[in-house]
Amino acid sequence: RVQVGENKYISKSNILSHLKTYNLYYEGQNLQLRHREEEGELIVEGLLNISWGLRRPIRLQMQDDHERIRPPPSSTSWHSGCNLDNQSAEAQKQTPPSIEVTESESLSDKSSAKEDEEDEDAIDASSQLLRTKSDAGVLRRGNKRSPSDQRRIRRHRFSINGHFYNHKTAVFTPAFGSVTNVRINSCMTTPQVLRVLLNKFKIENSPDDFALYIVHASGERVQLKRSDHPLVLRILQGPCEQVCKIFLMEQDLGEEVTYDVAQYIKFEMPVLQSFITKLKEEEDREVQKLKRRYKYLRYIIERQLQCLPDGSTCM
């Protein structure tokens, strides 16, 4: 058996049947899932698509892991036969990289460049910091980018689905409905999947601030419990994301929508208003029926009470 949630299981044959349909739908794509067995337990793994459905901004870590510094040759490596003394002498003769001063691209850029000049210089210096304990034998490379490229890189340090955030605030809101994916397996629960997603994009917010929802095309919305296994539920729901999607939403802002309520969501306002009017009329009719019923019961009870003092029985 394969666990779906707390005290919820599905047979291996059933999940394998759904998995076969799932992989046929994504044939030739990287969204196909693989499965294996370990100690009699079936494990499915692969990429899971998750749509962004956040209303509040998220905080991203301020760091850039793309800078790589090539370490100097080691004396124990195949470079040991090289004349390191000559290399150090040549390094001392090298002049520092020249700095070209160019005119601003437009008059509007002049004002913004003057305001951000000091901040940008500091950022350039920090971005060129060497990430080693010792900088011996490591030469800084000259900056050959154009001024416009430099400004773009300084202002845009990180991207999620093509959306760049401002590095000064490190805060932004992903476009609603944009899709990302994470590599998980069928053994992972909802909190574990959330943690993988946040770590992938270096989001500083706590995983407890978010929740996963299965959102159907009809408007029905179901929150995944902490004990649920998102990948297994995705397989059972089917591969087509036109039918349902998995959304990441805030824990306190997300709201479940039942199937009955979802039937009315997509109607136009005049149609919904007519529904409300009809329901109000039906409610009034039911209220009048109850009033007539209890009025009649009260009349019968009062007649019986009037007959009691005389010691007679009224029929």
Side-chain angles (χ1 to χ4, degrees), residues 1-54 58 160-161 174 176-203 205-251 254-259 262:
R1 298 188 300 173
V2 178
Q3 187 171 8
V4 181
E6 186 177 5
N7 299 326
K8 296 180 181 179
Y9 296 89
I10 186 173
S11 63
K12 288 184 181 180
S13 59
N14 197 350
I15 192 67
L16 288 175
S17 175
H18 284 83
L19 182 61
K20 182 179 180 180
T21 304
Y22 191 98
N23 286 335
L24 284 175
Y25 183 86
Y26 287 116
E27 186 175 3
Q29 303 181 37
N30 61 352
L31 291 176
Q32 283 189 320
L33 303 176
R34 297 176 298 177
H35 68 278
R36 67 180 190 276
E37 287 196 19
E38 290 185 2
E39 299 179 357
E41 181 181 3
L42 179 66
I43 299 178
V44 183
E45 59 184 2
L47 293 176
L48 174 66
N49 279 347
I50 299 179
S51 301
W52 297 97
L54 303 178
I58 55 178
I160 295 182
N161 300 116
F176 188 91
S178 58
V179 182
T180 185
N181 54 63
V182 289
R183 184 170 296 277
I184 60 174
N185 60 52
S186 58
C187 298
M188 299 176 68
T189 59
T190 301
Q192 293 173 328
V193 174
L194 287 173
R195 195 171 295 109
V196 171
L197 177 61
L198 300 186
N199 290 339
K200 176 180 178 180
F201 295 107
K202 305 187 186 308
I203 299 175
N205 302 67
S206 171
D208 297 333
D209 297 340
F210 304 100
L212 294 178
Y213 286 83
I214 293 181
V215 180
H216 295 263
S218 62
E220 182 183 3
R221 185 187 303 169
V222 180
Q223 181 179 354
L224 299 189
K225 299 178 181 178
R226 296 182 61 85
S227 58
D228 288 339
H229 296 250
L231 187 58
V232 179
L233 291 174
R234 172 75 264 186
I235 297 173
L236 296 180
Q237 292 293 334
C240 182
E241 296 197 352
Q242 301 298 325
V243 177
C244 74
K245 297 181 179 180
I246 296 182
F247 269 82
L248 174 71
M249 299 182 179
E250 289 87 353
Q251 177 71 37
E255 183 179 359
E256 289 189 312
V257 178
T258 62
Y259 176 79

Is the closest side-chain heavy-atom distance between [X] and [Y] below 4.5 Å?
| X | Y | value |
| --- | --- | --- |
| Val2 | Ile43 | no |
| Leu42 | His35 | yes |
| His229 | Val4 | no |

Exam field: side chain Gln223 to backbone Glu256, donor-acceptor pair closer than 3.5 Å: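 Answer holds: no.
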Short side-chain to backbone donor-acceptor contact, Asn23 and Leu33, under 3.5 Å: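 It does hold such a pair.
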Where do [X] and [Y] come nearest, in terms of heavy atoms and distance?
| X | Y | result |
| --- | --- | --- |
| Asn30 | Leu47 | O-CD1, 3.7 Å |
| Cys244 | Gln237 | SG-CB, 3.6 Å |
| Tyr26 | Glu241 | OH-CG, 4.0 Å |
| Leu212 | Pro230 | CD1-CG, 4.1 Å |
| Leu236 | Ile15 | CD2-CD1, 4.0 Å |

His216 atom NE2, over 12 foreign heavy atoms within 6.0 Å: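 More than 12 heavy atoms, drawn from other residues, nucleotides or ligands, come within 6.0 Å of this atom.
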Selection residues 9-29 - residue pairs positive for salt bridge (charged side-chain N to carboxylate O under 4.0 Å, His left out), sequence neighbours left out: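 Listed by first then second residue: Lys12-Glu37.
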Could you tabulate the donor-acceptor pairs under 3.5 Å formed by side-chain atoms of residues 187-194, not counting sequence neighbours?
{"from": "Thr190", "atom 1": "OG1", "to": "Lys225", "atom 2": "O", "distance (Å)": "2.8"}
{"from": "Thr190", "atom 1": "OG1", "to": "Asp228", "atom 2": "O", "distance (Å)": "3.4"}
{"from": "Gln192", "atom 1": "OE1", "to": "Thr189", "atom 2": "N", "distance (Å)": "2.9"}

